[in-house]
2 protein chains.
Amino acid sequence: MEPGGDSNRTLTQLRRGALPHCVLAVLADGERYGFELIGVLAEARGLAISEGTIYPLLSRLRREGLVETSWQESDSGPPRRYYRLTADGERALANFREDWQGYRDTVDELLGTGGRR
Amino acid sequence: MEPGGDSNRTLTQLRRGALPHCVLAVLADGERYGFELIGVLAEARGLAISEGTIYPLLSRLRREGLVETSWQESDSGPPRRYYRLTADGERALANFREDWQGYRDTVDELLGTGGRR
DNA sequence: GCCAGGTTCCATGTGTCACAAGGTAGCAGG
DNA sequence: CCTGCTACCTTGTGACACATGGAACCTGGC
């Protein structure tokens, strides 16, 4: 049912690296709930994920103290759990920005994709 | 045994994304053997890996037909298994370059690390 | 010879994590 | 009520980086 996921598997592995911190980055702009995050990330090329990915991820971030949550009523539908960054979360995000830039430049250099832009 | 692997674990997850294709990229410049690759990658910031990582990775690339190998004698030490890119490997590398650039730009945009370098 | 130490390869076990699939619950509208 | 949507979460599977340990081969000292 899912054999040839060729270049798809590659993207999955790529996502692993930055996805959690991309979520943190989105939350840095204001609180969001799980379903909403899926929509926001779906608009970003190469970051489309599903519920089975986002909820375990958010649980982990919460367990690590990088985000905190609050339940809020909805006009139409069940209540939502909103996530927002903690101070630790902001620190983790700042650290990651540095790690990411170093890694990105290394890969660009090896691949020869660093040139223009 | 080592729970607090804080920012280290992050780098491991980052590596996962591009490491196999970075190996392909190095091999695109000429054939190399396993131990040599460890040294080459160690010089690239954020890509230092060990034998336990490189050999399973190379086996996988071989199984997928992206690299092929040949044994060659060494002046000093046991024989070496040299790896070089196949046509499929070159194709995979080219595909990955595109995937990588799209992904990289997406992450840069979300993190706000994209402003020309 | 033979033994210590370096080089090179590989296999096994563990832990992390993305994802698919499925399950629960609240809120509509016919 | 009952179909369908929104929203959350859990469980099982599989991929893969890494640590550890070991085998095979070479060299140099004695």
Side-chain angles (χ1 to χ4, degrees), chain A residues 1-23 32-42 46-64 67 69-83 103, chain B residues 1-6 8-23 31-42 46-64 67 69-83 103:
Chain A
M1 206 101 41
E2 42 55 46
D6 219 16
S7 151
N8 223 348
R9 183 122 60 218
T10 298
L11 284 179
T12 294
Q13 294 305 320
L14 265 186
R15 264 192 282 280
R16 256 180 117 102
L19 186 53
H21 294 88
C22 284
V23 169
R32 307 270 192 171
Y33 61 98
F35 237 67
E36 195 183 6
L37 278 169
I38 294 176
V40 172
L41 292 174
L47 281 182
I49 56 174
S50 68
E51 309 171 43
T53 299
I54 196 71
Y55 287 113
L57 195 167
L58 287 170
S59 294
R60 184 160 28 99
L61 295 179
R62 188 153 45 105
R63 205 178 322 124
E64 293 171 356
V67 302
T69 70
S70 61
W71 286 95
Q72 292 177 34
E73 296 295 319
S74 161
D75 301 1
S76 59
R80 299 161 174 172
R81 193 206 279 271
Y82 278 85
Y83 295 78
Y103 173 75
Chain B
M1 195 99 58
E2 40 62 49
D6 223 12
N8 222 348
R9 183 122 59 217
T10 298
L11 285 179
T12 293
Q13 295 305 320
L14 265 186
R15 263 192 283 279
R16 260 179 116 101
L19 185 54
H21 293 88
C22 284
V23 169
E31 59 181 8
R32 307 268 193 173
Y33 60 98
F35 235 67
E36 194 182 7
L37 278 169
I38 294 176
V40 172
L41 293 173
L47 282 182
I49 56 175
S50 68
E51 309 172 42
T53 299
I54 196 72
Y55 287 112
L57 196 166
L58 288 170
S59 294
R60 182 158 32 97
L61 295 178
R62 189 153 46 106
R63 205 180 320 127
E64 292 170 356
V67 301
T69 70
S70 60
W71 286 94
Q72 292 177 33
E73 296 295 319
S74 162
D75 300 0
S76 58
R80 300 160 172 170
R81 194 205 279 270
Y82 278 84
Y83 295 80
Y103 173 75

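First the proteins, then the strands, lettered A, B, ... as listed; each starts at 1. Values reported hereafter were calculated over all heavy atoms of this structure, with side chains retained and with hydrogens, waters and symmetry mates removed.
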*Angle between terminal axes - the helix from C/dG1-D/dC30 to C/dG30-D/dC1, 5 pairs each end, rounded to 10°*: 10°
*May I ask you to verify if any side-chain N or O of B/Tyr55 is less than 4.0 angstrom from the OP1 or OP2 atom of C/dC10?*
no
*asked:* Taking any heavy-atom pair under 4.0 Å as a contact, classify A/Ser50: base, sugar-phosphate, or nothing.
replied: sugar-phosphate
*Please report the closest heavy-atom contact between A/Leu61 and A/Pro20, naming both atoms and the distance.*
CD1-O, 4.2 Å
*With the side chain counted from C-beta on, respond yes when B/His21 and A/Gln13 share a heavy-atom pair under 4.5 Å apart, and no when they do not.*
no
_Working to the nearest 0.5 angstrom, can you tell me the gap between A/Arg80 CZ and A/Glu73 CD?_
10.5 Å
*At under 4.0 Å, does any side-chain N or O of A/Tyr33 touch on OP1 or OP2 of D/dC8?*
no
*asked:* As a test of reading the structure: which of D/dA17, C/dA18, C/dC10 is closest to the side chain of B/Arg81, going by heavy atoms?
replied: C/dC10
*asked:* What's the closest nucleotide to the side chain of B/Arg80 if the choices are C/dA18, C/dC9, D/dA17?
replied: C/dC9
*Could you state the interatomic distance from OH (B/Tyr83) to CD (B/Glu31), rounded to the nearest 0.5 Å?*
12.0 Å
*Atom OG1 of B/Thr53 and atom CG of B/Leu58: how far apart are they, to the nearest 0.5 Å?*
10.5 Å
Show the distances under 3.5 angstrom between N or O atoms of the protein and N or O atoms of nucleotides 22-29 of chain D.
| unit_1 | atom_1 | unit_2 | atom_2 | d |
| --- | --- | --- | --- | --- |
| D/dT27 | OP1 | B/Asp75 | O | 3.1 |

*State which of D/dC9, C/dC10, D/dC18 makes the closest approach to the side chain of A/Tyr83.*
D/dC9
*Quick one: pull up CZ in A/Arg15 and CG in A/Leu57 and give me the separation to the nearest 0.5 Å.*
12.0 Å
*Among B/Leu14, B/Thr12, B/Ile49, which one satisfies side-chain contact (heavy atoms from CB on, under 4.5 Å) with B/Leu19?*
B/Ile49
_Working to the nearest 0.5 angstrom, can you tell me the gap between A/Ile38 CD1 and A/Tyr55 OH?_
5.5 Å
*Select base, sugar-phosphate, or nothing to describe what B/Gly52 touches, counting heavy atoms under 4.0 Å on all strands.*
base
Pairs under 3.5 angstrom, nitrogen or oxygen only, protein versus nucleotides 14-16 of chain D, please.
| unit_1 | atom_1 | unit_2 | atom_2 | d |
| --- | --- | --- | --- | --- |
| D/dA15 | N3 | B/Arg16 | NH2 | 3.3 |
| D/dC16 | O4' | B/Arg16 | NH2 | 2.8 |
| D/dC16 | O2 | B/Arg16 | NH1 | 3.4 |
| D/dC16 | O2 | B/Arg16 | NH2 | 3.3 |

*May I ask you to test the A/Tyr33-A/Trp71 pair for a side-chain heavy-atom distance under 4.5 Å?*
no
_Nearest 0.5 Å, please: how far is CD in B/Glu64 from OG in B/Ser59?_
11.0 Å
*Which nucleotide in the set C/dC19, D/dA17, D/dC8 lies at the smallest distance from any side-chain heavy atom of B/Thr53?*
D/dA17
